[in-house]
Amino acid sequence: MDHQYVGIPELTGVPRVAVVIDVMRAFTVAAWAFSRGVERIVLASTESEALALKKSRSGWLALKDGAPAAGFDAVNSPGLLRTCDFAGRTLVQKTRAGTVGALAVADAPLVLCASFVVAGPTARFLRAEGSGPVTFVVTGEGGRADEDLACAEYIGRSMAGVDVEAAPYLHRARASRAAADLAGGLRSGYHPDDVDLCLEIDRFPFAMMARQEESLTVLRPVAVPEVPAGIR
C-alpha cells in the first residue's frame, strides 16, 4: 500500500484514514491511562482549555507536558502514570505534539492515535477495516522524529498481515533524539523508566480511536482480537 508519512505542517486537506503517532510520549501515556481505568480522553488545544474543561465537569482530570503545574493532576510520563487509579474518570490531555496532530485531522472519517505499545492492535484494526492507504501523521520534530516514523512504518508494514520483526524499529526509536533527551533527563516531568515503557511493543490489547463527541475530540480504546497462530 502507498501509505503517506507526513508531519503536522505538511497536512493538506482531510485524509480518509489518519493514524497519529506520538511514541514519546503522548500516545504511550494515553494507552497507560486507559489501562489505569480512564474511560475517555478529551484532547485539548491549549493548557487553558484543558483547565477550563476540567473545571466545567465534575470529576474530570487534566494532564499536560512538562513539570507539574497548578490545576493539573498528572504529567505526560508513563512512568509516573502507571501506578495511578483513574477508574471511570475522564482525562483531558494537552501535549506539544501528539494532541496537536490528532486535532489537526479530527475531521477525518477514521482517526487512530498510536505508539509502539498499541502498534499491533492498531495494524490489526486497520486491516480488519480494510482501510486501504493510511496517512500517518508523524508528530515529533515537525515530522522528522525517527521514533514516530519508525512506529508508523512498523504499523504500515504490519497492516499487510505478515509477521514483521519489531526489533529494528524499536532500535531506531531507542537511538532517536527524543529517547536521548528523556534518558538524559532533559525533559521535565519524566520518570527514568519512560524510554523503556515507550518501547514495549504491543503492551496493550487495544487500538485508540478519536471521534467527535458533541464539540469535543474524544479518544477511546477499541478492543482488537488477537490473530490465532497460523492465520493471517
- Task: May I ask whether V118 and Y154 are part of the same hydrophobic cluster, defined by side-chain heavy atoms of I, L, V, M, F, W, Y residues being less than 4.5 angstrom apart, directly or through others?
- Result: no

- Item | Sequence-distant partners of R82, side-chain hydrogen bond (donor to acceptor under 3.5 Å, both in side chains), two or more places apart | D193

- Message: Strictly distance-based, threshold 3.5 Å: is any side-chain N or O of R89 a donor or acceptor partner for the main-chain N or O of G59?
- Response: yes

Indicate every side-chain donor-acceptor pair of residues 214-225 with a distance under 3.5 Å to a residue at least two apart or in another chain.
| residue | atom | partner | partner atom | Å |
| --- | --- | --- | --- | --- |
| T217 | OG1 | Q212 | NE2 | 2.9 |
| R220 | NE | E213 | OE2 | 2.9 |
| R220 | NH2 | E213 | OE1 | 3.2 |

- Message: If you count heavy atoms of other groups shown closer than 6.0 angstrom to CZ of R40, is the number above 12?
- Response: yes

- Message: With heavy-atom distances below 4.5 Å as the criterion, would you say the side chains of V105 and T135 are in contact?
- Response: no

- Item | Sub-4.5 Å side-chain heavy-atom contact between L91 and L61 | yes

- Query: side chain to side chain contact (heavy atoms under 4.5 Å, CB included) between L126 and L110: does it pass, once the steps are laid out?
  - Reply: CA-CA 10 Å; L126 291 165; L110 176 59; 4.2 Å; yes

- Task: Using modelled atom types only, decide if a donor and an acceptor are shared between the side chain of Q93 and the backbone of A26 within a distance under 3.5 Å.
- Result: yes

- Message: Measuring from atom OG of S176 to atom CE of M24, what distance do you get when rounded to the nearest 0.5 angstrom?
- Response: 4.5 Å

- Apart from F72 itself, members of its ILVMFWY cluster (side-chain separation under 4.5 Å) are L51

- Task: Could you tell me which residues satisfy side-chain hydrogen bond (donor to acceptor under 3.5 Å, both in side chains) with R157, sequence neighbours excluded, listed by chain and number?
- Result: Y169

- Look at the side-chain heavy atoms of Ile, Leu, Val, Met, Phe, Trp and Tyr, link any pair under 4.5 Å apart, and say whether V29 and L182 land in one connected group. no

- Task: Working to the nearest 0.5 Å, report the span between OG1 of T139 and CG of D22.
- Result: 3.5 Å

- side-chain hydrogen bond (donor to acceptor under 3.5 Å, both in side chains) contacts touching residues 102-113 (sequence neighbours left out): none

- Residue pairs passing the side-chain hydrogen bond (donor to acceptor under 3.5 Å, both in side chains) test where at least one lies in residues 62-76, sequence neighbours excluded: K54-D73, D65-N76

- Message: Taking side-chain hydrogen bond (donor to acceptor under 3.5 Å, both in side chains) as the cut-off, I'd like each qualifying pair that reaches into residues 114-125, sequence neighbours left out, listed once.
- Response: T28-S115

- Query: Looking only at atom types and distance, does a side-chain atom of D181 sit under 3.5 Å from a main-chain N or O of L186, one as donor and one as acceptor?
  - Reply: no

- Heavy-atom pair with the smallest gap, counting every atom of A62 and G71: CB-O, 4.3 Å

- Item | Which atom of H3 lies closest to which atom of G132, heavy atoms considered | CE1-O, 4.0 Å

- Start with the C-alpha gap between E200 and D196, add the side-chain angles, then the distance that decides, and say whether side chain to side chain contact (heavy atoms under 4.5 Å, CB included) holds. CA-CA 7 Å; E200 285 188 317; D196 288 339; 6.0 Å; no

- Item | Path from V100 to V137 over hydrophobic side-chain contacts below 4.5 Å | yes

In a table with atom names and distances, give each donor-acceptor pair under 3.5 Å that connects a side chain of residues 7-19 to protein atoms at least two apart or in another chain.
| residue | atom | partner | partner atom | Å |
| --- | --- | --- | --- | --- |
| E10 | OE1 | G7 | N | 2.6 |
| R16 | NH2 | S131 | O | 2.1 |

- Query: Quick one: does F116's side chain get under 4.5 Å of C151's, heavy atoms only?
  - Reply: yes

- Task: Kindly indicate whether the side chain of S77, heavy atoms from C-beta on, has any atom under 4.5 Å from the side chain of R25.
- Result: yes

- Linking I/L/V/M/F/W/Y whenever any side-chain heavy atoms sit under 4.5 Å apart, do M209 and I41 land together? no

- Those residues that, when tested against E47, pass salt bridge (Lys or Arg N to Asp or Glu O under 4.0 Å) (two or more places apart): none

- Message: The criterion is side-chain hydrogen bond (donor to acceptor under 3.5 Å, both in side chains); which residues satisfy it with R36, sequence neighbours excluded?
- Response: none

- Verify side chain to side chain contact (heavy atoms under 4.5 Å, CB included) between I155 and V134, making sure each step is shown before the conclusion. CA-CA 10 Å; I155 294 171; V134 171; over 6 Å; no

- Please name all residues satisfying salt bridge (Lys or Arg N to Asp or Glu O under 4.0 Å) with D146, sequence neighbours left out, ordered by chain then number. R172

- Message: Does the plane of the ring in Y5 sit parallel, tilted or perpendicular to the ring in F136? Use 30° and 60° as the thresholds.
- Response: parallel

- With sequence neighbours excluded, give me every ring pair (Phe, Tyr, Trp, His ring centres under 6.0 Å) pair touching residues 26-48. W32-F204

- Message: Rounded to the nearest 0.5 Å, what separates atom CG in D194 from atom CG in L80?
- Response: 6.5 Å

- Stepwise side chain to side chain contact (heavy atoms under 4.5 Å, CB included) test for D148 and V23: CA-CA 6 Å; D148 292 343; V23 171; 3.5 Å; yes

- Counting heavy atoms not belonging to R57, are there more than 12 under 6.0 Å from its CZ? yes

- Message: Do L81 and M208 sit in one hydrophobic cluster, given that two such residues count as connected whenever their side-chain heavy atoms are within less than 4.5 Å of each other, even indirectly?
- Response: yes

